[in-house]
Amino acid sequence: MTDMTQYQTFDAGGLPDPVTEAEFYADVPTKRLIAWFVDIVLISLLTALVTILSLFTALFILPVVYGVISFVYRWVSLTRRSATPGMRLVALEMRRADGDRFDGPTALMHTAGYFVSVAVFPLQLISIVLMLMSERRQGLTDMVLGTAALNREAR
C-alpha cells in the first residue's frame with residue numbers, strides 16, 4: 001500500500017496534486033463504478049442472508065433492511081480500511097483532505113452524503129458529472145468533505 005506521507009508534491013490540502021501526480025487519480029471514475037457494482041452485489045447477498053435468517057419476515061420491510069445493511073456496510077468498511085470491499089478489489093482508497101485515511105466520523109459523514117445523493121436523484125447526477133470533470137475526480141460528497149478516492153497502487 002502506498003504511504004502518501006512520503007510524497008513531497010502534495011498541495012497545501014494534503015492530497016496528491018492532480019497535475020504532478022495524476023497517477024493517483026487515473027481511471028478513478030471507472031474504478032468507482034466497478035466498485036459500486038461489486039458492493040451492490042455484496043450488500044444484496046447480505047440482505048438475502050438476513051432475510052433467510054429472519055425466516056423471511058424481513059421481506060415485510062425489505063427496503064429498510066437493505067438500506068440499513070448498506071449504510072452499515074459502507075460506514076464500517078470505510079472506517080476500518082478507508083475503502084469498501086469493492087474499492088479494495090479495484091485498488092482504490094478514500095482519503096481525507098489532510099491525506100489521512102478515513103476515521104469513523106469522516107466515514108459516517110461520507111456514507112450519509114452518499115445516501116442523500118442517492119435519495120435526491122439530481123444530486124447523484126451532479127456527483128457523477130463532478131467525478132468525470134473535476135481534477136481530483138471527486139463526487140459531490142467528496143467536494144463537500146474535501147475527500148478523494150485515490151489509486152492505492154500509484155507509483
Side-chain angles (χ1 to χ4, degrees), residues 1-4 14-16 18 23-154:
M1 232 185 268
T2 304
D3 179 13
M4 291 180 37
L15 291 170
E23 65 272 14
F24 279 103
Y25 305 101
D27 301 320
V28 165
T30 302
K31 289 181 173 186
R32 283 181 92 160
L33 180 62
I34 293 167
W36 183 79
F37 277 116
V38 169
D39 291 330
I40 291 297
V41 168
L42 293 174
I43 292 164
S44 297
L45 290 171
L46 289 170
T47 301
L49 179 63
V50 167
T51 301
I52 292 167
L53 292 175
S54 73
L55 302 176
F56 298 96
T57 58
L59 288 173
F60 292 108
I61 56 168
L62 192 58
V64 173
V65 171
Y66 183 89
V68 168
I69 290 171
S70 179
F71 193 95
V72 171
Y73 170 96
R74 293 173 195 284
W75 180 26
V76 169
S77 58
L78 287 172
T79 298
R80 294 181 76 199
R81 293 202 173 172
S82 207
T84 64
M87 290 176 186
R88 288 195 308 271
L89 181 70
V90 296
L92 285 180
E93 187 171 73
M94 298 301 298
R95 292 293 181 133
R96 299 184 325 198
D98 62 5
D100 286 340
R101 292 177 174 203
F102 276 18
D103 54 9
T106 305
L108 179 64
M109 289 185 295
H110 198 276
T111 302
Y114 166 78
F115 270 77
V116 169
S117 69
V118 168
V120 182
F121 187 69
L123 296 179
Q124 187 62 25
L125 288 177
I126 292 168
S127 190
I128 291 167
V129 169
L130 286 171
M131 280 184 222
L132 295 172
M133 305 293 282
S134 64
E135 283 185 319
R136 287 197 167 98
R137 307 297 184 218
Q138 295 167 294
L140 185 58
T141 300
D142 296 319
M143 291 262 187
V144 170
L145 296 177
T147 59
L150 303 175
N151 287 307
R152 263 189 326 201
E153 305 300 324

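The figures that follow rest on heavy atoms only: side chains count, while hydrogens, waters and symmetry mates do not.
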| request: Answer yes when D103 and R96 have at least one side-chain N-carboxylate O distance shorter than 4.0 Å, and no when they do not. | output: yes
| query | Would you say R88 has more than 12 foreign heavy atoms packed within less than 6.0 Å of its CZ? | reply | yes
| field | Non-neighbouring partners of F102 that pass ring-ring contact (aromatic ring centres under 6.0 Å, His included), sequence neighbours left out | value | H110
| field | K31 vs L92 side-chain heavy atoms within contact, under 4.5 Å | value | yes
| Result of checking E135, R137, R136 against Y25 for side chain to side chain donor-acceptor pair (under 3.5 Å) | R136
| remark: Nearest heavy-atom contact between L132 and P29 is CD2-CB, 3.9 Å
| N/O donor-acceptor pair under 3.5 Å between T57 side chain and S54 backbone | yes
| request: Determine, step by step, whether Q124 and S117 satisfy the side chain to side chain donor-acceptor pair (under 3.5 Å) criterion, reporting the C-alpha distance in whole Å, the side-chain angles of both residues, the deciding distance to 0.1 Å, and the verdict. | output: CA-CA 5 Å; Q124 187 62 25; S117 69; 3.0 Å; yes
| message | Please check: side-chain N/O of T79 versus main-chain N/O of A107, any donor-acceptor pairing under 3.5 Å? | response | no
| query | For residues Y114 and W75, is any side-chain donor paired with an opposing acceptor at under 3.5 Å? | reply | no
| task | Go through L49 and L45 one step at a time and tell me if the side-chain contact (heavy atoms from CB on, under 4.5 Å) criterion holds. | result | CA-CA 6 Å; L49 179 63; L45 290 171; over 6 Å; no
| message | Pair Q138, T147 - check side-chain contact (heavy atoms from CB on, under 4.5 Å), show working. | response | CA-CA 7 Å; Q138 295 167 294; T147 59; 5.7 Å; no
| said: Pair M131, R32 - check side-chain contact (heavy atoms from CB on, under 4.5 Å), show working. | reply: CA-CA 9 Å; M131 280 184 222; R32 283 181 92 160; 4.0 Å; yes
| task | Decide side-chain contact (heavy atoms from CB on, under 4.5 Å) for M109 and V144; before the verdict, give the C-alpha distance in whole Å, the side-chain angles of both, and the deciding distance to 0.1 Å. | result | CA-CA 10 Å; M109 289 185 295; V144 170; over 6 Å; no
| message | What I'd like to find out is whether the side chain of V28 reaches to under 4.5 Å of the side chain of N151, using heavy atoms alone. | response | yes
Please tabulate, one pair per line, all N/O donor-acceptor pairs under 3.5 Å involving side-chain atoms of residues 60-73, not counting sequence neighbours.
from: S70; atom 1: OG; to: R74; atom 2: NE; distance (Å): 3.3
from: Y73; atom 1: OH; to: D39; atom 2: OD1; distance (Å): 2.6

